[in-house]
There are 2 protein chains.
Amino acid sequence: MNVRQLEYLDALARERSFRRAAEECNASQPAVSIAIAKLEGELGLELIHRHRREAVLTAPGEALVRWAREALAAVRGLTEEAGRFAGVLTGRLRLGVIPTALPAVAGITKELLSAHPDIRLEIRSLTSDEIVDELASFRIDVGLTYLDNEPLGAVTPIPVYEEGYLYLTAEDLPGESVRWGDLDGGRLCLLTPDMQNRRIVEAALRRSGAEVTAVVETNSISALISYVRAGWPSIVPDAWVALYGVPEGMSAVPLVAPEMSHSVGLVTRVTDLPQPLVKAFVESLDPPRVPSSP
Amino acid sequence: MNVRQLEYLDALARERSFRRAAEECNASQPAVSIAIAKLEGELGLELIHRHRREAVLTAPGEALVRWAREALAAVRGLTEEAGRFAGVLTGRLRLGVIPTALPAVAGITKELLSAHPDIRLEIRSLTSDEIVDELASFRIDVGLTYLDNEPLGAVTPIPVYEEGYLYLTAEDLPGESVRWGDLDGGRLCLLTPDMQNRRIVEAALRRSGAEVTAVVETNSISALISYVRAGWPSIVPDAWVALYGVPEGMSAVPLVAPEMSHSVGLVTRVTDLPQPLVKAFVESLDPPRVPSSP
DNA sequence: TCCGATCGATAAGCAACGTTTATCGTTCTG
DNA sequence: CAGAACGATAAACGTTGCTTATCGATCGGA
């Protein structure tokens with residue numbers, strides 16, 4: 001049994017292709033073929049259906065890859081810990097982020113990167129559900145998501161900042177703020193219902209008795225803002241405005257009555273042996289940062 | 001990085017000797033020397049103080065061996081799982097047992113062994129503290145210990161049987177039972193105070209206001225019973241009597257007022273990915289067994 | 001139905017690795 | 001001071017894992 005075999009198996013499970021798995025591991029396709037065949041021989045099991053066009057794991061393969069990932073995570077932990085002792089933290093920290101928190105991610109990770117220049121970051125935009133999944137299967141190390149809204153999996157939450165909500169429109173607004181109730185009857189552009197931010201907004205509107213029409217739904221906040229320019233107002237997280245500023249010709253005012261906010265923060269796997277990179281990341285947040293423009 | 005290197009490191013940490021570590025891994029001493037040197041080279045760290053006579057881990061070594069054990073446990077899990085799918089559960093299940101529960105261990109594991117003849121058992125007599133330690137450092141897989149008395153570590157408890165207490169003496173006893181209070185002023189032979197059973201007995205005596213003299217203290221229950229023969233009564237767990245029967249010329253009666261019992265059971269590491277061998281063991285306990293003579 | 005693309009398995013050659021036995025220098029012990 | 005035990009080193013050897021090149025099989029589109 002070899003660590004390399006486990007890496008191949010993991011990549012194979014993820015990519016469903018010998019070629020792509022080999023590429024991901026910086027190896028040749030036969031290397032993966034042979035290594036997996038040898039692993040199957042050692043274990044006396046078929047791990048992969050080879051007759052199909054798509055390389056799909058068998059039931060045993062599916063079960064075993066979980067252990068492989070567990071082992072690989074430990075090996076990664078070992079390597080990171082070694083780097084820590086050698087004075088330089090190295091390795092790739094894989095971060096899953098919900099779309100609405102993406103503008104905040106640079107501010108949050110700034111300290112970590114400057115303190116440990118050898119760390120590489122991998123940022124992936126994921127839904128909150130995907131974050132829980134990928135954490136559990138060791139495909140990301142840390143998630144950045146809502147902490148207080150919907151049930152999380154078996155994760156350790158670390159609050160980072162409070163997300164507030166702004167009303168963004170192309171009109172000139174008279175006041176300093178808008179009440180949720182004022183939006184009643186409005187025609188808005190909102191995120192798609194599969195995104196948690198949309199569900200948060202819906203709940204706030206419902207609580208204040210406002211009914212709105214979602215004229216446009218999108219899962220991209222950039223698209224959202226472009227629709228605001230085109231005339232449909234929207235509700236956006238304040239972090240986005242902090243990053244881009246208020247676009248020319250638009251106004252952004254806080255939504256009040258009530259002034260709502262939701263806690264956004266990191267989630268990590270629960271473990272009694274924390275990954276050094278993750279530990280360094282969390283410690284670099286001290287004192288807790290709020291998102292700010294660069 | 002190689003699984004074999006991690007095995008060597010683990011064995012080295014345990015044995016504090018290159019030679020013994022090599023022996024434990026069925027390898028030659030230079031194999032271990034070279035592998036560790038190579039690992040140190042890869043990580044850029046000194047893992048072991050070599051100048052001393054005793055090979056002792058450095059601080060980084062101590063930290064890294066924890067990750068190594070984590071990885072090795074996952075590899076073991078993978079192997080066991082593979083065996084499960086192949087139809088035969090194989091591997092060694094390492095069981096740590098408090099001395100007073102030793103007579104029960106055969107009864108508890110009987111089902112597992114007959115259901116899976118390829119499983120090998122390793123039974124080690126440990127104190128309850130050691131059980132928690134060795135579980136955490138992956139040196140045993142399951143513990144058999146008291147569940148309800150003193151704080152356990154981060155373990156999952158599974159009750160197995162209730163341990164009751166008998167008064168064992170070489171005299172003829174008139175009644176069917178003895179009250180704890182009746183022992184006041186007695187001269188007994190008891191286990192040493194570092195054993196949890198002794199602390200349980202002390203607490204029971206204190207509660208019923210009885211004061212006794214521990215004429216002989218021992219950490220071996222066999223020695224205890226030999227002293228009973230020699231004339232000093234004692235208090236023994238009922239499991240021992242169930243195994244050996246009441247020795248010739250002695251009497252054993254339950255201690256009552258109150259009739260006390262303590263829960264004895266298995267403890268396992270908390271994990272969301274249970275070891276197949278451990279899982280099979282726990283499932284083999286269904287329905288819960290009580291210790292019985294063979 | 002056939003051609004081309006893509007997939008994974010196989011073959012052959014090669015370099016690197018892990019292991020062994022034998023031996024050396026050092027350190028603790030009686 | 002002699003002997004034993006320890007770990008490092010050297011040399012030799014078999015194995016492993018990797019590469020490139022190629023094959024047979026399968027799927028999709030004209």
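On a predicted model such as this, the values are computed, not experimentally measured, just so you know. A note on names: the letters A, B, ... follow the listed sequences, proteins ahead of strands, and every chain is numbered from 1.
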Completion exercise
Symbol by symbol from the 5' end, with Watson-Crick or G-U pairs under 3.5 Å, [ ] crossing and | another strand, DNA chain D is ||||||||||||||||||||||||||||||
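At least one side-chain nitrogen or oxygen of A/S33 sits closer than 4.0 Å to the OP1 or OP2 atom of C/dA9.
Sequence neighbours left out, the pairs with a member in residues 70-80 of chain B that pass side chain to side chain donor-acceptor pair (under 3.5 Å) are B/R76-B/D141, B/E80-B/Q275. Sorted by first and then second residue, the side chain to side chain donor-acceptor pair (under 3.5 Å) pairs involving residues 37-46 of chain B (not counting sequence neighbours) are B/E40-B/R50.
What separates CD of A/E15 from P of C/dG8 is a distance of 11 Å, to the nearest Å. A/H49 has its NE2 atom 14 Å from the P atom of C/dA9, to the nearest Å. Taking atom CD1 of residue B/I36 and atom P of nucleotide C/dG18, one finds them 12 Å apart after rounding to whole Å. Per the geometry, CD1 belonging to A/I48 stands 13 Å off C1' belonging to C/dC7, to the nearest Å. One can place CG of B/L6 at 12 Å from P of C/dG18, the figure rounded to the nearest angstrom. For the pair A/F18 CZ and D/dT26 P, the computed distance is 16 Å after rounding to whole Å. When rounded to the nearest whole Å, the span between CE of A/M1 and C1' of C/dG18 equals 18 Å. Rounding to whole angstrom units, CD of residue B/E46 and C1' of D/dA8 are separated by 14 Å.
Annotation: side chain of A/L45 is not in contact with side chain of A/T58 (no heavy-atom distance under 4.5 Å). In this structure, B/I140 and B/L126 have side chains that are in contact, with non-hydrogen atoms separated by less than 4.5 Å.
A distance of 10.0 Å separates CD1 in B/I119 from OG in B/S114, rounded to the nearest 0.5 Å.
A/V278 pairs in a side chain to side chain contact (heavy atoms under 4.5 Å, CB included) with only one of the listed residues (A/T271, A/L266, A/T156, A/T268), which is A/T268.
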N/O donor-acceptor pairs under 3.5 Å from side chains in residues 59-68 of chain A, not counting sequence neighbours:
residue	atom	partner	partner atom	Å
A/W67	NE1	B/E81	OE1	2.7

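A/E7 and A/R4 are joined by a salt bridge, as a carboxylate oxygen and a charged side-chain nitrogen come within less than 4.0 angstrom of each other. For the pair B/E134 and B/R124, the salt-bridge criterion is met [side-chain N within less than 4.0 Å of a carboxylate O].
Using modelled atom types, one side-chain atom of A/R120 and one backbone atom of A/P117 make a donor-acceptor pair closer than 3.5 Å. B/T218 contributes no side-chain N or O that, together with a main-chain N or O of B/L191, makes up a donor-acceptor pair within less than 3.5 Å.
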Measure all distances between protein nitrogen or oxygen atoms and nitrogen or oxygen atoms of nucleotides 16-23 of chain D, and list the pairs falling under 3.5 Å.
residue	atom	partner	partner atom	Å
D/dG17	OP1	A/N2	ND2	3.4
D/dG17	OP2	A/K38	NZ	2.7
D/dC18	OP1	A/R4	NH1	3.3
D/dC18	OP1	A/Y8	OH	3.0
D/dT19	OP2	A/S28	N	2.9
D/dT19	OP2	A/S28	OG	2.7

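For DNA chain D, no neighbouring residue in residues 62-76 of chain B is found when judged by any heavy atom under 4.0 Å.
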